[in-house]
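Before any comments, here is the structure.
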Amino acid sequence: MDLREDFFNYQAQTTAFASAFQVEKAIGSYIYGKGGKKYLDFVSGVSANTLGHSHPKILNAIEEQSRKYLHVMVYGEYVQEKPVALCKKLAEHTPDPLEVTYLVNSGAEAIEGALKLAKRYTGREEIISMINAYHGNTHGALSVSGNEFHKRAFRPLLPYIKFMRFNEVEDFTFITEKTACVITETIQGAAGFIVPEADYFVRLKKHCEAVGALLILDEIQPGFGRTGKLFAFEHFGMVPDILVMGKGMGGGLPIGAFMSSKKIMESLSHSPKLGHITTFGGNALIASAALATLQEVSESSLMMQISEKEKLFRKLLIHPKIREISGMGLMLGVNLGTAENTLNTAKICMDKGLIVFWQLYRNEYLRISPPLTLSEEEIWEGCKTLLEAIKES
Ligand code: PLP
C-alpha cells in the first residue's frame, strides 16, 4: 500500500500542488515526517494549533471527556458541562455586551450564523464586506469574501452585498440605513496580514451605530491570543456587535463560534424559532479541547510573551529580499516580492526542516503563524533556516 498514492487517488483534491508531506506524529512545535525527520512548524495548521501539537492539557481534557460521552444530542437541547463552561468563560473574558456564544463546527459556519443573525436582528438585507476579505468557503461565507477569482465560478452567490476598501474611512458612505451589517476581519489574513489604522475600528463602529448597522468582526485567525490579547479587537478601543471565532480556539480540533449580546442572539429563537440548527455544534469533546485552550491562554503568561516574540522575529528577519513584514503578534507576513520567490523559499525551507506557507490571495507574502508556545530558541532556529532559504531561492 502506498499511502501517498492513495491520498491522490481517493482523498478528494482541489489542487494539483499539494505538498503531500506524510505526517507521522506532532509534538510541541514540531511535526515529524515519515522516517522520523522533524520539522519546525511556523504555520500551526494555518493559525489553528494555538498551544502547539499534542499539548498535555488538551490531550487530558479530550481523554477525560471521551470516557464520559461523545455526542448525545443536537445543539442546544441537553445541558453538557464542557460547552456550558466554555461559553461562560468566553463571557467572562470578553467585554460587554458580548455575552452569549453559539458554538458551531467551523469558521465558515460561524460566519453563516453571524450573517443570519445580523439580518434577523436588523430586519435588513444588505451586507457590506471588504475587498480582499476571506471569510470561508461555504456559499454565504464566499459571498462576503472579496476575491473575484475564487468566487466567479460559483455565482449566483448571496445578493445585496457591497464591498468597501479596508482601512478607508472614505468608504463609510457605503454603510447606510439599509445596511444589516458590516463584516470584516480585524486583521485581514489572506490579503497578507493587513493591520487596521489605530482609529479605524472606533470610527467604523461609530458609523455603524449611527445608521443602525451591526458590526461583525471575524477573529477566526487572531482568536485566542495570537496578537497578545485574547481577541485582536481589544487593541482597537471598541467592541463588535457580533464576534466570530474558530481555528485557534479549538487547540487542534474543529470548531467555530459567534458571540453577541443576549438581546441580539435572541432573534434566532423566534420567527422562525431554531434560526440556526447544527448537529455537532457544541460537541462535548471539542468543547473540552477549546475550554482547555482558553484556560491555558488566559491563565498562563503566553499572551504576555507575544510582543517579545514578534520583536524577535522582526529583529532576526532582515534581508535585502525581504521587502516588508506585515501583521501583528504571531501572525506575520514576510513579503518576498513575488509569488515565485515565496514558493521557492517555502520549498527550500521544507527540505531544511522548517514549515512555512503563503497567503491565499497575496502569494508574495510568506505566512508565519506558529504555535503561541514557540520558544525563543525555536524562533532563532527557524529564522536562521528561513534566511538561508531566502538566500538560496
Ligand atoms: N475567516 C477567516 C479570517 C479565516 O482565515 C478562515 C479560514 O482560513 C475562515 C473564516 C473559515 O474558517 P474554516 O476554514 O474553519 O471554515
Side-chain angles (χ1 to χ4, degrees), residues 12 14-15 43-50 102-118 127 129-147 150-151 154 157-158 161 163 166-167 181-196 201 215-227 231-233 240 242-259 276 278 280-283 286-287 289-290 293 326-333 357-363 365 367-370:
T14 57
T15 164
V43 180
S44 64
V46 184
S47 306
N49 291 95
T50 305
Y102 194 124
L103 300 169
V104 294
N105 302 281
S106 66
E109 190 192 353
I111 295 290
E112 300 291 339
L115 294 175
K116 286 165 69 185
L117 179 59
I127 295 168
S129 185
M130 302 281 170
I131 293 165
N132 281 331
Y134 182 79
H135 294 295
N137 253 243
T138 51
H139 263 80
L142 191 60
S143 302
V144 290
S145 292
N147 182 290
H150 291 276
K151 290 164 71 166
F154 300 101
L157 293 167
L158 277 184
I161 298 177
F163 288 88
F166 187 70
N167 258 340
C181 62
V182 174
I183 179 165
T184 177
E185 295 151 274
T186 314
I187 295 170
Q188 280 201 320
F193 287 147
I194 310 298
V195 177
F201 278 121
L215 178 60
I216 302 177
L217 285 187
D218 175 344
E219 294 253 4
I220 287 168
Q221 289 211 46
F224 283 20
R226 188 158 289 281
T227 65
F231 294 104
F233 75 81
I242 304 176
L243 174 66
V244 184
M245 61 199 96
K247 282 187 183 278
M249 77 179 288
L253 289 188
I255 191 167
F258 54 103
M259 194 175 187
H276 191 73
T278 169
F280 286 113
N283 175 273
I286 296 185
T293 307
S326 63
M328 187 175 183
L330 290 183
M331 43 195 300
L332 298 173
F357 216 51
W358 46 89
Q359 302 291 34
L360 184 64
Y361 301 155
R362 302 282 305 273
N363 294 167
Y365 279 87
R367 157 189 281 275
I368 295 185
S369 56

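We use all heavy atoms of the structure for the numbers below, so side chains are in, but hydrogens, waters and symmetry mates are not. Ligands are counted one by one from 1 in listed order, and the atoms in each one are counted from 1 as well. The first residue of the sequence shown is numbered 1, and numbering continues consecutively from there. Keep in mind that this is a model prediction, so the values were computed, not measured.
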Subject >> Close side-chain approach of Ile220 to His135, heavy-atom, < 4.5 Å >> reply: no
Checklist entry - Is there a protein heavy atom at a distance of less than 4.0 Å from atom 14 (O) of ligand 1? => result no
the protein heavy atom lying closest to atom 12 (O) of ligand 1 turns out to be Gly107 CA, 3.4 Å
For atom 1 (N) of ligand 1, the closest protein heavy atom turns out to be Asp218 OD2, 2.7 Å
Legend entry - pair Arg226-Gln221: side-chain heavy atoms closer than 4.5 Å: no
The closest protein heavy-atom partner of atom 6 (C) of ligand 1 is Tyr134 CE2, 3.5 Å
Are any non-hydrogen side-chain atoms of Glu109 and His276 less than 4.5 angstrom apart? yes
For atom 16 (O) of ligand 1, the closest protein heavy atom turns out to be Ala108 N, 2.8 Å
Q) Any heavy atom of Val46 sitting closer than 4.0 Å to ligand 1? A) no
Discussion item. Contact between Thr278 and Tyr102 at the side-chain level, heavy atoms closer than 4.5 Å - yes or no?
Written reply: yes
Logged contact type for Lys247 with ligand 1, heavy-atom cut-off 4.0 Å, is side chain
Donor-acceptor check, side chain of Ser129 to backbone of Ser145, threshold 3.5 angstrom: yes or no?
no
Just say parallel, tilted or perpendicular for the rings of Tyr361 and His150, cut-offs at 30° and 60°.
tilted
shortest atom 5 (O) of ligand 1-to-protein heavy-atom contact is with Gln221 NE2, 2.9 Å
